[in-house]
**Student:** 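Shown below is the structure under consideration.
Naming: A, B, ... by sequence-line order, numbering from 1 per chain.
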Amino acid sequence: MRATRRCGLDIFTIFCSNILIFKILDANIKTYNNILTFYFLFLKYPEKRHCWCYMKLMEELEARGLLAQTSGYNEILDLFENEKVTVYTGFDPTGDSFHVGHLVQLLTLLRLQRFGHRIVCLFGGGTAMIGDPSAKNEMRPILTKETINKNIEKFKMQAAKFLDISQCVILNNAEWLCGLDYIDFLREIGIHFSVNRMLASECYKNRLNSGLTFFELNYMLMQSYDFLILNKNYDCQVQIGGSDQWSNMLAGVELIRKKNKNKTYAISTNLLTTSDGRKMGKTEKGAIWLDSQKTSIYDFYQYFRNIDDGDVIKCFKMLTMISLEDIENYECDIEKNTNELKELMAFEITSLVHGCEEASKALDVSRKIFGKKDYEQVPQVNIKYDFFKNDEIKITDLIRLSGLSKSNSESLRLIKQGGITINDLVITDYGKCFKEEDLKNGIVIKKGKKRIIKCVI
RNA sequence: GGGGAUUUUCCAGAGUGGACAAAUGGAGCAGACUGUAAAUCUGUUGCCUUAUGGCUUCAUAGGUUCGAAUCCUAUAGUCCCCA
């Protein structure tokens, strides 16, 4: 029942989104048909919902550049073709929101789900209390149980936006980790791990110079134990994770082989990186979050809108559900249509995360700001009258309060460098003050070319 | 347990008594050029009512000195060697 309702919603979303695609690329009837066909198939034959795609799941993942390593490609390919497989991915609830880096994982799960496989989302309520040492130079701060549980709740809500949560198994490894008996654990699990081998693995190697505590060394055991439990209790056969998790996932496969004599598999996905090898989704302000409270939908959209030319196709492949066939077509005329394609890509990703309606709002705002200077829908900031002195507010204060700069000194530098415009006039007078009535109708402050905010009282 | 080294601004990393708000590079921000891209060039990057001015910073707490990122003592973090 619930699943059906979801389908209806999805059709609607996709329908809207495709009307917009029409707008963007004038006419792309192919995409439109593909998606509709897929959704009708999905409605009619839910158990065969992967029929719309002629590619095998693993082939698709590979073609999208998602696969980094697998423990036995052909066996996994067969497994996914012939069985309904239970797949698990672990998420560490160390923050209060997913970020763009998680998006690859979440969308991979969505792809799996659409191919009819069963998804287990494991939240590391237990492991988060340790912190994963992989690819980190320093130990993470230790979180309290309350924070972790709060984070898990937020993660669940965000995951529900992508995945059909009713079809997923949601678990928290605190369930089995917190009650563990130390001695039993060592005897049953610890005995299977060679410290020599662990230290040789990539994720611990670079920690050897900077210090690694026993506390963190346990991370691998716990993650492996998770997989063991899931294999035993939920018949989970495959673990998917970021390529930084590769050693941990392999350790799990090995543990299960030793303990349960079961054959399991690990798949690692590529991290989302820019063409010059940096991690994507990080800015000077930190990560790009999926939570609209932490990263506004407009900023989220703009992040992808402004992505490097060389990363556009990669983003299409990894972060959208657009078919590979269409992406191939885009690739052919990327030279001509770079900006249109960027727009489409940014829109698609935003609508996956925040819904079609919000994404089209962001698209609209962006077009207005960069196109015909229509500042109607610019993000607004309310300035309290308390900040006024003698019925006036200084421009440096105003810029700071609007969030465009961190301090008055920074505001001052920006003005001196000609980086601030107010209502489209470059400001050079850094002593300028505004009165209450100036702000009544709102003034539009622009910092550089891209940051724009309307201040009202 | 013993010995040694180290801790500098967002990051890396110079500075070892005054010329230090602290070289240089990276990253960021702004300007020019552009396509809301990249590359390049220029400027800028602790805070303060706008500053040939003031204030707070070089792990923390004391001390020596006219003067301390720099010297001394204690404490903490990190790393290396020996056990």
Side-chain angles (χ1 to χ4, degrees), chain A residues 24 133 136-142 205-213 215-216 274-288 298-316 333-347 350 362-375 378-379 387-422 426-434 445-453:
Chain A
I24 295 163
K136 286 272 177 328
N137 305 320
E138 278 167 38
M139 216 167 106
R140 286 185 194 168
I142 297 167
K205 218 191 259 170
N206 51 10
R207 287 300 301 272
L208 287 179
N209 293 326
S210 58
L212 174 70
T213 59
F215 189 67
E216 291 167 279
T274 59
S275 44
D276 49 352
R278 281 175 292 124
K279 256 193 188 179
M280 203 181 275
K282 299 267 178 197
T283 64
E284 81 291 352
K285 285 174 227 130
I288 301 289
Y298 175 72
D299 285 342
F300 184 91
Y301 172 87
Q302 279 295 319
Y303 177 81
F304 288 103
R305 179 61 245 265
N306 282 321
I307 222 130
D308 283 17
D309 284 8
D311 295 324
V312 176
I313 293 298
K314 192 185 206 168
C315 285
F316 264 119
D333 51 24
I334 185 132
E335 298 273 311
K336 278 182 279 165
N337 291 336
T338 317
N339 276 318
E340 285 84 350
L341 286 172
K342 273 189 196 177
E343 207 170 51
L344 174 62
M345 180 267 293
F347 172 80
T350 314
L363 176 77
D364 262 11
V365 173
S366 165
R367 281 184 171 178
K368 281 182 175 158
I369 290 172
F370 290 98
K372 46 178 164 88
K373 297 213 189 304
D374 178 347
Y375 299 135
V378 162
F387 295 113
F388 281 63
K389 275 178 200 148
N390 303 326
D391 293 327
E392 285 186 332
I393 186 160
K394 289 188 68 67
I395 184 158
T396 44
D397 282 317
L398 195 63
I399 294 168
R400 179 174 49 84
L401 291 168
S402 70
L404 293 174
S405 83
K406 286 199 259 336
S407 64
N408 287 3
S409 298
E410 195 184 329
S411 309
L412 190 66
R413 281 194 295 269
L414 284 166
I415 297 170
K416 281 183 177 171
Q417 297 187 105
I420 295 289
T421 57
I422 286 192
V426 178
I427 298 297
T428 47
D429 171 19
Y430 36 73
K432 194 172 172 64
C433 289
F434 293 92
I445 308 182
K446 223 170 165 182
K447 172 194 166 196
K449 285 175 207 118
K450 291 174 200 162
R451 303 280 305 160
I452 183 161
I453 263 182

**Student:** If you take any heavy atom closer than 4.0 Å to RNA chain B, which residues from residues 399-417 of chain A end up in contact?
**Tutor:** A:S407, A:N408, A:S409, A:L412, A:R413, A:L414, A:K416, A:Q417

**Student:** Picking from B:rA38, B:rG35, B:rA51, which would you name as closest to the side chain of A:Y430?
**Tutor:** B:rA51

**Student:** What integer distance in Å separates A:I334:CD1 from B:rA37:C1'?
**Tutor:** 11 Å

**Student:** A:F316 versus A:I334: any side-chain heavy-atom pair under 4.5 Å?
**Tutor:** no

**Student:** Could you let me know what B:rU6 is paired to, Watson-Crick or G-U wobble, both distances under 3.5 Å, or none if it's on its own?
**Tutor:** B:rG77

**Student:** 5'-most contact on RNA chain B: A:K450 or A:D397, nearest heavy atom basis?
**Tutor:** A:K450

**Student:** Which nucleotide in the set B:rU49, B:rU36, B:rG35 lies at the smallest distance from any side-chain heavy atom of A:D309?
**Tutor:** B:rG35

**Student:** Tell me: NZ of A:K449 to C1' of B:rA30, nearest whole Å?
**Tutor:** 9 Å

**Student:** Should A:Y301 be listed as having a side-chain N or O under 4.0 Å from OP1 or OP2 of B:rU36?
**Tutor:** no

**Student:** So, does A:K446 get its side chain near the phosphate of B:rA30, meaning an N or O under 4.0 Å from OP1 or OP2?
**Tutor:** no

**Student:** Within the distance-only criterion (no hydrogens, no angle test), does the side chain of A:K342 pair as donor or acceptor with the backbone N or O of A:I307 below 3.5 angstrom?
**Tutor:** yes

**Student:** Taking atom P in both B:rU73 and B:rA23, what distance in whole Å separates the two?
**Tutor:** 30 Å

**Student:** Does any non-hydrogen side-chain atom of A:N337 lie less than 4.5 Å from one of A:L344?
**Tutor:** no

**Student:** How is A:K447 classified with respect to the nucleic acid when contacts are heavy atoms under 4.0 Å: base, sugar-phosphate, or nothing?
**Tutor:** sugar-phosphate

**Student:** With the threshold set at 4.0 Å, does a side-chain nitrogen-carboxylate oxygen contact exist between A:R400 and A:D397?
**Tutor:** yes

**Student:** Taking only the C1' atom of each, what is the distance from B:rU16 to B:rU34 in whole angstrom?
**Tutor:** 48 Å

**Student:** Return the value, rounded to whole Å, for the distance between atom CG of A:N337 and atom C1' of B:rU36.
**Tutor:** 16 Å

**Student:** When the P atoms of B:rU64 and B:rC48 are compared, how many Å lie between them, rounded to an integer?
**Tutor:** 34 Å

**Student:** Return the nucleotide paired to B:rG67: Watson-Crick means purine N1 to pyrimidine N3 with N6-O4 or O6-N4, wobble means G-U with N1-O2 and O6-N3, both under 3.5 Å.
**Tutor:** none

**Student:** Does any nucleotide pair with B:rA30 by Watson-Crick or G-U wobble geometry, both distances under 3.5 Å, and what is it?
**Tutor:** B:rU42

**Student:** What's the gap between B:rU9 and B:rG46 when it is taken at their C1' atoms, as a whole Å value?
**Tutor:** 7 Å

**Student:** What integer number of Å spans the C1' atoms of B:rA5 and B:rA22?
**Tutor:** 24 Å

**Student:** Output every pair passing salt bridge (Lys or Arg N to Asp or Glu O under 4.0 Å) with a member in residues 409-421 of chain A, not counting sequence neighbours, ordered by first then second residue.
**Tutor:** none

**Student:** Between B:rA38 and B:rG31, how far apart are the P atoms? Round to whole Å, please.
**Tutor:** 14 Å

**Student:** Can you check the A:R451 CZ to B:rG31 P distance for me, whole Å?
**Tutor:** 13 Å

**Student:** If pairing requires Watson-Crick or G-U wobble contacts with both distances under 3.5 Å, which nucleotide is the partner of B:rA12?
**Tutor:** B:rU24

**Student:** To the nearest angstrom, how far is A:N390 atom CG from B:rU49 atom C1'?
**Tutor:** 12 Å

**Student:** Give a yes/no verdict on base stacking between B:rU36 and A:F370: centres under 5.5 Å, planes within less than 30° of parallel.
**Tutor:** yes

**Student:** Could you work out the separation of B:rA39 and B:rA30 based on their P atoms and round it to a whole Å?
**Tutor:** 15 Å

**Student:** If I take atom CD1 in residue A:I393 and atom C1' in nucleotide B:rU50, what distance separates them, rounded to the nearest angstrom?
**Tutor:** 15 Å

**Student:** Is it the case that more than 12 heavy atoms not belonging to A:D429 sit under 6.0 Å from its CG atom?
**Tutor:** yes

**Student:** Please identify each residue that fulfils side chain to side chain donor-acceptor pair (under 3.5 Å) with A:S366, with sequence neighbours left out.
**Tutor:** A:Q302

**Student:** Would you mind telling me which residue lines up with the more 5' stretch of RNA chain B, A:N306 or A:G431, judged by nearest nucleotide?
**Tutor:** A:N306

**Student:** Starting from P on B:rA38, measure out to CZ on A:R305 and report it in whole angstrom.
**Tutor:** 12 Å

**Student:** Could you check if a side-chain atom of A:K394 sits within less than 4.5 angstrom of a side-chain atom of A:K389, using non-hydrogen atoms only?
**Tutor:** no

**Student:** Considering only heavy atoms from C-beta outward, does the side chain of A:I427 approach that of A:I445 to under 4.5 Å?
**Tutor:** no

**Student:** Give the rounded distance in Å between these two atoms: CG of A:L341 and C1' of B:rU36.
**Tutor:** 15 Å

**Student:** When rounded to the nearest Å, what value does the distance between C1' atoms of B:rA69 and B:rU6 take?
**Tutor:** 15 Å

